[in-house]
2 protein chains.
Amino acid sequence: MEAIDTRTRILDTAQDLIQRLGANAMSYQHISDAVGIRKASIHHHFASKDDLIEALIRRYAGYFGGLVEEIVKADLSAPEKLRRYCGLFEGTLRQGSHDRACPCAMLGAELATLGSAAAGLIREFYRDNEKRLARILAQGRQERSLSFAGSPAATAALIFALLEGGMLVVRVNGGAKQFRAITEQMIALVGS
Amino acid sequence: MEAIDTRTRILDTAQDLIQRLGANAMSYQHISDAVGIRKASIHHHFASKDDLIEALIRRYAGYFGGLVEEIVKADLSAPEKLRRYCGLFEGTLRQGSHDRACPCAMLGAELATLGSAAAGLIREFYRDNEKRLARILAQGRQERSLSFAGSPAATAALIFALLEGGMLVVRVNGGAKQFRAITEQMIALVGS
DNA sequence: GTCTATAATTGGATAGAC
DNA sequence: GTCTATCCAATTATAGAC
């Protein structure tokens with residue numbers, strides 16, 4: 001039973017704030033209050049706010065990318081993989097009491113205010129997701145379990161925009177329940 | 001040739017900042033610099049930042065709602081109406097040199113940081129758009145020019161999430177061109 | 001309606017003791 | 001690694017002169 005180290009608790013708190021409020025509404029003071037250490041101590045772990053955001057994206061991209069890669073590589077039908085991929089986003093939304101968006105969705109919306117390193121990582125996250133999604137769609141077309149007009153890449157761009165953008169939109173009305181309805185509707189549209 | 005009044009110039013500048021950077025990165029100082037008046041003078045027109053944001057949403061909802069209503073009421077096929085509706089979003093994205101999201105998309109992402117009046121107006125904007133979109137889809141189903149699984153309302157929720165959320169997502173990679181590809185892909189999916 | 005001046009708070013960040 | 005103390009800039013907002 002090891003205690004969670006401070007660096008991790010800072011990252012956890014910062015991520016939670018970003019998922020709910022966005023990076024521009026997240027402050028060292030918020031983190032200080034939540035973690036129970038002084039603002040100056042946070043600077044020991046992350047010299048600047050940009051550094052903190054950058055580390056946070058790297059961690060999240062690794063975590064989420066791993067989950068997606070598991071789904072892509074699994075021995076499952078393409079529709080089932082697609083359903084599970086959508087489930088990852090819905091699961092994020094259902095974390096905790098308030099709807100939480102993907103950190104990279106919030107940061108994507110705030111892209112113009114990010115440092116260049118963080119912005120680059122966000123772009124990479126989006127590209128990686130579209131690529132993995134395209135592999136699922138290509139499998140579905142090959143095994144005739146999915147049917148859609150256009151290329152897997154183009155359809156992947158559509159689905160990723162719907163999922164990543166939809167997380168932000170559904171928090172305004174309907175929340176996770178609405179998100180579920182939308183993803184099911186989408187799966188019906190590309191179903192064979 | 002009447003000069004644009006200060007109130008309007010403040011609203012224009014604030015809206016532009018929100019579309020590019022978000023409400024939490026927009027400040028009275030930014031507006032002061034762009035409009036060429038002092039910060040204190042802005043408070044004469046809008047007592048608080050919340051008031052400014054609220055007025056800005058009201059104005060935009062009226063403007064955009066009018067454009068949508070024109071499309072909905074026009075004597076056009078449903079696919080053509082849908083294409084023009086998507087065109088409104090793409091047009092916003094193409095305003096100016098940088099990609100600009102719908103102000104209500106940015107504010108929707110930042111919903112948890114808004115005052116309750118502004119948050120209510122954003123919810124209303126989203127609901128109104130879904131309703132009008134559902135009317136287009138219902139027309140398309142009736143005249144057999146569109147074909148989709150599920151109700152017009154459910155499909156409207158999907159399409160609105162794709163458009164409003166997609167505006168934020170495509171700015172990360174691809175921009176307006178990517179947005180166009182996505183909307184065309186979507187229209188192909190619901191095409192008859 | 002706009003200005004100067006200023007308040008009051010919060011933001012990110014640093015220096016140096018422990 | 002955390003603390004106190006402090007700095008400096010930015011933020012929203014108000015008071016009162018012009």
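The sequence lines fix the lettering, A, B, ..., with proteins before strands; numbering per chain opens at 1.
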Requested in this report: Considering just the side-chain nitrogens and oxygens of A:Thr6, establish if one lies under 4.0 Å of OP1 or OP2 belonging to D:dG1.
Outcome: no

Query raised in the report: Can a donor-acceptor pair be found between the side chains of A:Ser27 and A:His30 at a distance below 3.5 Å?
Result: yes

**Report entry** Salt-bridge criterion met for A:Lys177 and A:Asp99 (N-O under 4.0 Å)
**Finding:** no

Query raised in the report: Side-chain donor-acceptor pair under 3.5 Å between B:Glu143 and B:Ser145, yes or no?
Result: yes

Query raised in the report: Are B:Ile57 and B:Tyr63 co-members of a hydrophobic cluster defined by side-chain heavy atoms under 4.5 Å apart?
Result: yes

Query - Separation of C:dC3 P from B:Tyr28 OH (nearest whole Å) - result: 15 Å

Requested in this report: Rounded off to whole Å, could you give me the NE2-to-P distance for the B:His43 and C:dC3 pair?
Outcome: 13 Å

Requested in this report: Measure the distance from CG on B:Asp33 to C1' on D:dA10 and round it to the nearest whole Å.
Outcome: 12 Å

Query raised in the report: Rounded to whole angstroms, how far apart are CG on A:Asn24 and C1' on C:dT10?
Result: 15 Å

Query raised in the report: For the base of C:dG12, is there a side-chain donor-acceptor partner from A:Lys39 under 3.5 Å away?
Result: yes

Query raised in the report: Expressed in angstrom and rounded to an integer, what is the separation of B:Arg38 atom CZ from C:dC3 atom P?
Result: 7 Å

**Report entry** Whole-Å distance separating the CZ atom of B:Arg7 from the P atom of C:dT2
**Finding:** 12 Å

Requested in this report: Mind calculating the distance between CD1 (B:Ile37) and C1' (D:dA13) to the nearest angstrom?
Outcome: 15 Å

Report task. With the side chain of B:Lys49 defined as its heavy atoms from C-beta on, choose the nearest nucleotide among D:dT12, D:dA5, C:dA13. Result -> D:dT12

**Report entry** Spacing between B:Ile42 atom CD1 and C:dT2 atom C1', to the nearest angstrom
**Finding:** 12 Å

Query raised in the report: Just to confirm, is there a sub-4.0 Å distance from OP1 or OP2 of C:dC3 to any side-chain nitrogen or oxygen of B:Ser41?
Result: yes

**Report entry** Phosphate OP1/OP2 of D:dT11 contacted by B:Ser27 side-chain N/O (<4.0 Å)
**Finding:** yes

Query - Transitive ILVMFWY side-chain link A:Leu11 to A:Val35, under 4.5 Å - result: yes

Query raised in the report: Is the shortest side-chain N/O distance from A:His44 to OP1 or OP2 of D:dT2 below 4.0 Å?
Result: no

**Report entry** Side-chain H-bond candidate by donor/acceptor type, B:Ser48 with B:Asp51, under 3.5 Å
**Finding:** yes

Query raised in the report: Is any side-chain heavy atom of B:Met26 less than 4.5 Å from a side-chain heavy atom of B:Ile31?
Result: yes

Report task. Can you sort out which residues in residues 9-22 of chain A have a heavy atom within less than 4.0 Å of DNA chain D? Ascending by number, please. Result -> none

